[in-house]
Amino acid sequence: MGSLQSLWKRDFIEKAAVKPLYLEVRRGEIIGLLGPNGAGKTTLMKMFTGIVVPTAGQLRVLGFEPAKRDLYFRQKIALVMGQKSQLWWDIPAMDSLQLLMRYYEIPKNLFLERVHYLASLLEVEPQLQVHIRKLSLGERMKLELMACLLHDPQIIFLDEPTIGLDLIAQRKIREFLLNYHRERGVTVILTSHYMADVTALCQRIVLVMNGEKHFDGPIRAFEGLMGQEKYVKFFFSQAQNEQHPLLIPWHPSFGNQGLEVELRVPEDKLKDVCAAILQNLPVTDFQTEKMPVERVMQELLSRTGA
Amino acid sequence: MLGTLKKYALIYREFFATCLAEATTYRMHFVLLIVMDLLFYATTLTTVDFIYQHVSAVGPWDRNQFMFFLAFLLTVDQLHMTFVSESFWVLSASIRNGDLDFLIIKPVNLYFLIFLRHIRPASMLLCFVTVFLLWHFGTKAGLGWVQFMLLPVLLILALLFLVSLEILISASMFWLVEGTGVNFFRMQLQQVSRWPDFVFYGLPRRFFTFVIPVLLIGNAPVQFLFSPFAFSSLLWMIGLTVVIWVLIERIWSKALRQYESASS
Amino acid sequence: MNSRFPMWLQTVYVAWSNLLAYRVNFFLLVIGPALVFFFVKFSLWSSIYEQQGNRELAGLSREAMLGYQAMVLIVSLLAQGHNSTRLAEDIRLGRITAYLIYPFSLFEFHASSFIALQSVQIITSSVVFLMAISLGLFTAINLVFVVKGLVLCFFVSLLWFLIQYCLGLLAFWLEQTWVMRVLFQIIAQFLSGSILPLEFFPQGLRDALMFSPFPYLTWVPAKTMLTGEGSIIYAVGILCFWIMVASLLARLIWNRGLRMYTGAGM
């Protein structure tokens with residue numbers, strides 16, 4: 001698998017959308033590109049696929065230079081954009097898929113096989129004959145995914161594939177992607193706003209802010225950036241003193257006029273601390289933080305002022 | 001080579017099928033398109049007919065010759081409306097909203113995908129009208145069977161020339177981003193092209209024959225049909241088509257580098 | 001009424017800066033076509049009259065014809081610039097929902113963009129008018145006739161706006177309204193005398209046309225500006241009648257359309 005090397009794209013107002021950046025992706029990897037809005041994630045994706053031409057730097061995807069738009073390169077990649085649709089609005093999905101069959105020169109029987117395989121995995125068989133404009137966003141997104149996987153691409157670029165979807169639809173899409181990756185061993189490059197996407201799918205995370213790479217490594221290490229700490233939130237039946245000795249060592253941040261508190265506790269002390277608080281204070285409920293990656297990002301963002 | 005041809009023929013068949021499926025969804029639109037084209041033909045022909053009720057000739061042409069010239073251009077227009085027109089409007093929209101992204105990454109020739117993607121089945125039906133007009137006024141203008149045999153070739157050459165010119169011009173959409181204006185500009189050029197070149201004088205005539213040579217579209221083939229020795233402008237038109245495609249290759253590759261792709 | 005004035009003013013202002021922001025497009029969409037149309041007709045008639053040894057055709061001399069075509073250009077710039085592409089888009093994309101909630105109606109919004117466009121077009125057409133005079137396209141200019149014609153143009157622009165408004169409202173039913181607009185453009189251009197002055201039409205057709213609003217869109221105001229022929233009171237009366245018809249129609253279409261509006265794209 002080729003590498004995506006230092007590349008640099010200059011924006012209209014001479015603002016670099018992506019600054020020098022070194023990135024290498026191995027075959028079969030799933031990597032997540034993270035970053036706030038306007039960080040340059042989508043620009044990167046468009047450079048990887050040859051839509052936008054980088055003004056400087058070197059870029060190799062599957063051994064090709066994307067900007068040259070080689071026919072064979074285009075046959076091996078796929079792109080899904082959560083905000084845009086490649087399916088035709090006014091005709092059933094199946095008609096659009098048939099067009100793609102011709103684009104990618106997929107033999108008819110193989111095509112039908114793939115359609116059947118993907119449609120049953122995604123549970124959209126009944127929707128294939130329905131006009132796209134009559135479908136829900138979730139159903140449409142599944143069909144978009146299907147459209148991009150028809151030609152069995154070696155590398156898939158997913159730009160916010162779950163945006164705007166409800167939780168169930170999001171989960172379905174994630175499960176499908178995991179399954180598909182396990183079966184086909186494709187390389188996946190994903191951007192998302194939802195941490196749940198990233199934690200569920202990606203083995204590796206690349207954090208991009210202001211067009212610069214701020215982190216590149218396994219997801220565990222990313223969580224570890226904050227030290228081995230967990231967030232615990234307690235809810236009380238009466239307001240608590242902000243100087244309470246049980247709380248004060250764990251960087252408390254109070255809310256709701258002292259009725260809530262959030263603590264940062266090292267993982268190895270978690271059990272003891274929680275037990276002590278539950279015993280001594282009028283706790284009505286408590287929860288541990290579910291999405292640490294989001295926290296890390298927030299923290300990094302506030303640190304860099306991005 | 002044969003394989004490639006087959007691939008594109010199969011793609012084109014799918015284009016047609018999807019456009020037909022879409023057209024049948026909006027029947028009212030389908031009917032209105034036909035009415036619109038018919039009215040356009042009628043007013044164009046009537047205008048010239050009314051003029052000929054007051055004069056016996058415009059330039060060297062009598063009524064029948066002028067009417068045949070119009071029939072030729074209306075046929076070019078009908079072919080244009082059927083096979084390419086819609087695509088130009090879609091192009092300006094897809095540059096603005098970034099839908100072009102999906103075309104760029106497809107393993108198919110980009111010009112093919114952009115300019116031949118959208119077919120208007122409604123306009124196709126009107127070929128009965130235009131063929132009738134060509135035959136009717138052609139016979140009246142005294143065309144022989146050789147000329148009639150040449151007609152399809154000349155129509156295709158004229159259409160090819162017009163479309164090439166328009167593809168070249170539409171590269172500017174990438175710089176302007178808002179491409180509707182460019183499409184209106186194209187339509188103005190078509191309007192100029194619908195008149196015989198002898199109507200124009202001096203600078204405008206040279207401009208529309210050499211710089212933006214829209215006057216060639218109808219005039220070069222029709223003059224050749226009327227007098228076979230007047231083939232120089234037809235050769236000029238064919239030569240220019242080649243030149244335009246060399247320019248298209250150059251300018252479009254620049255234009256695509258310019259493409260910013262609307263951010264999501 | 002008084003409190004609504006600032007709303008109108010602000011909307012006109014926004015529409016105005018919008019026009020200026022897309023100057024190139026505005027030129028290519030509105031001014032360019034009118035100029036090209038004039039250029040083609042000017043060339044055509046010049047060459048026809050030259051070939052005819054400058055004799056009168058249908059009672060019009062070469063000067064009268066070229067002057068007429070120049071006036072058609074002025075009238076089209078001054079009164080026929082507005083189109084309802086934006087309105088149709090608003091309806092189709094479900095943006096009108098906002099106006100159902102605002103204390104400023106959709107009609108008021110589009111009327112203010114119309115006013116903004118007109119204010120720009122008054123300047124453009126004045127410039128074109130002065131240029132036409134300096135090029136000697138008008139043999140004699142009578143100020144009274146021109147003022148009469150301008151009064152007519154004012155009413156024509158109102159009628160034109162209302163017709164376009166109705167065509168835009170068809171977006172409630174039609175996926176694409178541009179066909180209707182082009183259709184109207186083709187008919188109006190031909191029947192209003194934009195291409196050929198009505199003198200060239202067969203007498204019977206011409207008489208019949210006078211019962212329609214079309215001649216009043218171009219032929220009547222252009223003739224008035226040139227020759228002062230005909231009663232202006234009568235022409236204004238006719239235009240007001242058609243304006244009433246168009247506004248009633250707009251109301252009817254709006255009420256019908258809203259009933260089936262589903263708020264698509266919300």
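Below, read A as the first sequence line, B as the second, and so on, with proteins coming before strands; counting in each chain starts at 1.
Within 6.0 Å of the CH2 atom in C:Trp254, the count of heavy atoms belonging to other residues, nucleotides or ligands exceeds 12. Heavy-atom neighbours of B:Arg27 CZ from other residues, nucleotides or ligands within 6.0 Å: at or below the threshold of 12. No more than 12 heavy atoms of other residues, nucleotides or ligands lie within 6.0 Å of CE in B:Met28, so this atom counts as exposed by the packing criterion.
Listed here is the closest heavy atom pair of B:His29 and C:Gln176: NE2-OE1, 2.8 Å. Taking all atoms of both residues into account, the shortest heavy-atom contact from C:Leu28 to B:Phe184 is O-CB, 3.6 Å. Across every non-hydrogen atom of C:Val40 and B:Trp195, the tightest pair is CG1-NE1, 3.1 Å.
C:Ile195 touches chain B through its side chain: at least one heavy atom from C-beta onward sits under 4.5 Å away, while N, CA, C and O do not. Neither the backbone nor the side chain of C:Phe27 comes within contact range of chain B; no heavy atoms are under 4.5 Å apart. Proximity to chain B is limited to the side chain of C:Leu174, based on heavy atoms less than 4.5 angstrom apart. Contacts between B:Ala57 and chain C at a heavy-atom distance below 4.5 Å involve backbone atoms as well as side-chain atoms. Interface residue C:Phe190: only side-chain heavy atoms are found under 4.5 Å from chain B. For chain B, no part of C:Leu170 is nearby; none of its heavy atoms comes within less than 4.5 Å. Residue C:Phe26 does not touch chain B at all, counting heavy-atom pairs closer than 4.5 Å. Both the backbone and the side chain of B:Val35 come within contact range of chain C, judged by heavy atoms closer than 4.5 Å. In this structure, the portion of C:Gln52 lying under 4.5 Å from any heavy atom of chain B is its side chain and not its backbone. In this structure, the portions of B:Phe50 lying under 4.5 Å from any heavy atom of chain C include both its backbone and its side chain.
Between B:Thr180 and C:Thr85 the shortest side-chain heavy-atom distance does not fall below 4.5 Å. Contact of the C:Ser47 side chain with the B:Tyr201 side chain is registered, since non-hydrogen atoms from C-beta on lie closer than 4.5 Å. A heavy-atom distance below 4.5 Å is not found between the side chains of B:Gln191 and C:Phe39. Counting only heavy atoms from C-beta outward, the side chains of B:Ile51 and C:Trp45 approach each other to under 4.5 Å.
The OG1 atom of B:Thr46 lies 8.5 Å from the CZ atom of C:Phe201; values are rounded to the nearest 0.5 Å. Separation of atoms NE2 (B:His54) and CD (C:Glu56) is listed at 12.5 Å; rounding is to 0.5 Å. If you take CZ on B:Phe40 and CG on C:Leu183, they are separated by 12.5 Å, rounding to the nearest 0.5 Å. Here the CZ-CG distance, from B:Phe198 to C:Leu44, works out to 9.5 Å after rounding to the nearest 0.5 Å.
Interface check for chain B: of the options C:Met180, C:Glu50, C:Glu175, the most heavy-atom pairs under 4.5 Å are formed by C:Glu175.
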*asked:* Set out, in order, the CA-CA distance, both residues' side-chain angles and the distance that settles side chain to side chain contact (heavy atoms under 4.5 Å, CB included) for B:Val55 and C:Gln51, then state yes or no.
replied: CA-CA 9 Å; B:Val55 301; C:Gln51 196 179 11; over 6 Å; no

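None of C:Ile186, C:Ile187, C:Leu196 except one satisfies the side-chain contact (heavy atoms from CB on, under 4.5 Å) rule with B:Thr43; the exception is C:Ile186.
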